[in-house]
Amino acid sequence: MAPELPRILLLPTHLQADELRELEARIPTLTHNAHEAKVILGKISRPERALFELRRLKLATEPVALEGAEGDEAIGDKRGRSDAAEVPSKRPRLSGSEALRSRADEGHVATLDLLGGSGDVVLVLKLAWLLDSLEQNVVLPADDYLLYQGRKISSHSAQASNPGTPQPRKEDETTRSASAVNDSPYSKRTTRPGTSSSTASDGRLHSEPPTLHRETTSEHEVPLPPIPDFLHTTYSCQRPSLVSPPNATFIAELKAIRTLRLLRGDQVGVRAYSTSIASLAAYPHLLQRPQEIERLPGCGPKIAQLYQQWTEDGCTDETRKAKTDTELVVLKTFYDIWGVGDTTARQFFKKGWRDLDDIVEYGWDSLSRVQQIGVKYYDEFQLKIPRDETETIASVILAHARRVDPGFQMVIVGSYRRGKPSSGDVDVVLSHPDEAQTLDIIERLVSSLEKSNFITHTLSVWTKNSERGQAPLAWKGEGRRAGSGFDTLDKAMVVWQNPQDKGPHRRVDIIISPWKTAGCAILGWSGETTFQRDLRRYCKVKMGFKFDSSGVRSRADGSWVDLESSERGPAPDMETAERRVFEGLDLEWRPPAERCTG
DNA sequence: CAGTAG
DNA sequence: TGGCCTTACTG
DNA sequence: GCCA
């Protein structure tokens with residue numbers, strides 16, 4: 001009794017001719033017409049490949065709500081390092097238990113209805129679905145095999161895809177950013193330009209009608225999805241960029257290339273790839289073809305070409321070759337040591353060192369103090385820090401600050417504030433409405449946390465530039481008064497371990513800001529690198545300002561520009577201050593979760 | 001001074 | 001074709 | 001590598 005199968009089209013991709021024939025023989029409901037197939041099967045494993053196949057079949061679809069399967073690959077976790085010969089400088093080995101979390105059981109709720117359901121929905125599944133179903137003699141749920149789910153559209157209905165996400169509420173002054181994580185900020189902006197155009201007071205507001213370039217290339221009438229108006233800017237601080245964009249897997253490939261460029265010393269390449277990554281991270285549609293890419297800012301023919309190669313081959317030449325290039329693999333290992341950058345990584349390699357044991361054995365004494373710490377805790381620093389632990393660490397820091405004065409306030413910044421489920425390190429910004437309280441607190445705080453054995457090592461302390469380092473600010477101008485304290489912020493970069501449970505050592509940054517620039521401080525510490533870079537560039541080019549986390553200045557005369565106080569006085573809290581900075585910079589408010597530029 | 005950090 | 005974010009700290 |  002064969003299971004009752006839906007109409008199936010079998011893709012020939014990656015199948016030998018005889019394999020193909022044999023499989024086809026086992027499918028009673030086989031069709032060769034893509035339009036009547038309910039299920040498309042193939043020996044493929046990525047949603048992008050699925051789209052590529054649909055294109056080849058000339059089957060136009062729009063995506064149906066489906067949180068894309070993320071290609072969240074851990075970096076290199078195969079470190080076959082010998083435990084033999086632990087050098088005097090012992091590098092503690094982690095006790096067993098490595099992968100505590102199994103991926104892939106994120107609770108698949110909805111079982112897809114294969115037989116019933118609206119007739120115009122087509123599923124692209126992995127071939128394994130068929131094999132498993134036949135083996136077990138039942139039609140298995142498609143969930144675990146699903147690569148793509150789309151609704152067939154006739155070539156003339158170019159409906160903008162809105163994959164059924166709930167309409168999010170408007171952000172207003174009082175909304176807290178944390179809740180934004182669950183939203184789908186795309187949906188409110190993917191509506192056609194014109195209907196919901198942003199209120200960006202950017203001057204060069206792009207409220208043009210949906211004039212899509214006439215990209216009616218030789219190709220068929222399937223129109224490219226509209227470019228959201230916010231993607232006409234080259235500044236990533238002017239648009240939402242979410243944590244898990246639809247094209248995350250392709251972005252991951254570009255990030256891999258970026259890392260390779262870094263290791264090779266190609267800094268310009270790093271810049272360029274960062275720009276394209278940030279642009280793609282803001283693109284709310286799953287890519288369908290290379291032409292879409294070239295329309296995006298920071299993306300040109302090269303990136304489009306890489307995309308094509310990647311959809312067809314599953315990876316690019318550059319990453320494929322790198323995988324077997326020992327030099328690059330070793331460089332990456334070295335680069336991951338805290339305190340070792342790409343230049344030093346190459347130097348280590350040139351000395352003939354090939355793994356961490358070589359460094360310990362042959363070069364220990366040549367390492368800087370922080371590099372020694374980086375090597376010693378190499379494994380532990382690679383571990384991600386879950387959100388609840390970040391909160392625990394932060395609350396200890398705040399408690400110690402409040403022991404000095406109860407008026408201290410704190411915002412956890414960094415990737416935590418962006419809503420990531422785990423972080424590489426912990427960043428917190430502390431401030432106090434009374435400026436006298438933030439003056440020399442950093443050293444007292446650090447020593448207090450050292451005495452309580454939370455801080456095991458202090459990597460560096462940026463101490464009191466405010467007082468001593470006023471000279472370096474060539475941004476002279478008489479506007480700056482002595483002791484006003486808005487030079488580069490005081491901060492401490494430390495190694496942390498809970499003295500009670502003795503968990504892994506963690507990297508923690510504690511930043512102190514005077515109240516009047518606390519908005520800039522949390523803004524400067526919450527976005528990803530490209531967001532920051534573009535924010536500074538935007539301030540320079542568009543505003544004639546010089547932004548940094550310790551304040552905004554006029555480039556004309558170097559005078560401090562206060563964007564954080566209103567007529568009603570200083571901001572009541574740091575988040576409000578941050579909103580005022582956005583306003584003062586003529587930027588639309590961007591919740592931290594939308595600052596994920598990759 | 002070069003190198004590194006966020 | 002030049003420019004691409006910023007700057008103090010460390011050794 | 002892309003943009004002004």
Side-chain angles (χ1 to χ4, degrees), chain A residues 232-237 254 257-258 261-262 265-279 293-306 318 334-335 337-348 365-374 413-415 417 423-429 458-466 468-475 487-494 507-511 520-542 545-553 555 597:
Chain A
H232 284 102
T233 177
T234 62
Y235 299 101
S236 58
C237 54
L254 293 181
I257 298 179
R258 176 175 62 180
R261 297 305 179 91
L262 177 79
D266 171 12
Q267 293 185 302
V268 174
V270 173
R271 238 285 313 209
Y273 278 94
S274 296
T275 310
S276 357
I277 288 166
S279 195
I293 292 184
E294 289 198 56
R295 309 180 303 172
L296 303 177
C299 296
K302 182 64 193 284
I303 307 294
Q305 185 195 325
L306 285 173
E318 195 162 345
F334 292 166
Y335 179 74
I337 300 170
W338 201 88
V340 172
D342 58 297
T343 309
T344 306
R346 286 188 293 272
Q347 282 170 5
F348 286 179
D365 294 332
S366 73
L367 299 186
S368 71
R369 192 184 72 95
V370 299
Q371 288 169 340
Q372 290 179 342
I373 294 170
V413 289
S415 57
R417 187 158 182 246
S423 311
D425 66 358
V426 175
D427 307 298
V428 302
V429 173
T458 303
L459 298 169
S460 72
V461 180
W462 265 237
T463 171
K464 257 322 53 161
N465 306 303
S466 40
R468 198 207 41 154
Q470 336 208 49
L473 263 296
W475 298 90
D487 302 348
T488 298
L489 300 173
D490 292 354
K491 67 172 179 259
M493 305 164 80
V494 304
R507 277 274 308 107
V508 175
D509 292 342
I510 303 169
I511 299 109
C520 289
I522 64 172
L523 172 53
W525 279 88
S526 296
E528 268 182 332
T529 309
T530 307
F531 185 93
Q532 308 296 359
R533 190 197 346 106
D534 288 345
L535 181 65
R536 293 183 156 97
R537 205 166 48 91
Y538 168 89
C539 284
K540 179 178 179 172
V541 175
K542 298 284 182 184
F545 289 158
K546 179 177 163 66
F547 177 94
D548 80 77
S549 56
S550 63
V552 175
R553 292 151 187 276
R555 284 186 180 260
T597 51

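Residue numbers start from 1 in every chain, and the chains themselves are labelled A, B, ... in the order their sequence lines are given, proteins ahead of strands. In this text the structure is predicted, and so the values were computed from the model without any measurement.
In this structure a side-chain-to-backbone donor-acceptor pair under 3.5 Å is present from A:D534 to A:S236. For A:R261 (side chain) and A:A272 (main-chain N/O), no donor-acceptor pair under 3.5 Å exists by modelled atom type.
Between A:R271 atom CZ and D:dA4 atom P the separation is 11 Å, expressed in whole Å.
Here the closest non-hydrogen pair linking A:F531 and A:G527 is CD2-CA, 4.1 Å.
With sequence neighbours excluded, no residue forms a side-chain contact (heavy atoms from CB on, under 4.5 Å) with A:T529. For A:V340, the side-chain contact (heavy atoms from CB on, under 4.5 Å) partners at least two apart in sequence or on another chain are A:I337, A:T344, A:A345, A:F348, A:Q371.
Considering only side-chain atoms of A:R536, the nucleotide from C:dT10, C:dT6, C:dG11 that sits closest is C:dT6. Closest to the A:T234 side chain, of the nucleotides C:dC4, C:dT10, D:dA4, is D:dA4. Taking the side chain of A:P301 as heavy atoms from C-beta on, and the options D:dC2, C:dT10, D:dG1, the nearest nucleotide is D:dC2. Here the side chain of A:W462 is nearest to one of C:dC9, D:dC2, C:dT6, namely C:dC9.
Counting 5' to 3', DNA chain B first comes under 4.0 angstrom of a heavy atom of chain A and last does so at the ends given by B:dG3 to B:dG6.
Counting non-hydrogen atoms under 4.0 angstrom, A:R507 reaches the backbone sugars and phosphates but no base. Within 4.0 Å of A:V340, counting heavy atoms only, lie sugar-phosphate atoms of the nucleic acid but no base atom.
The shortest distance between the side-chain N/O atoms of A:R261 and the OP1/OP2 oxygens of D:dG1 is below 4.0 Å.
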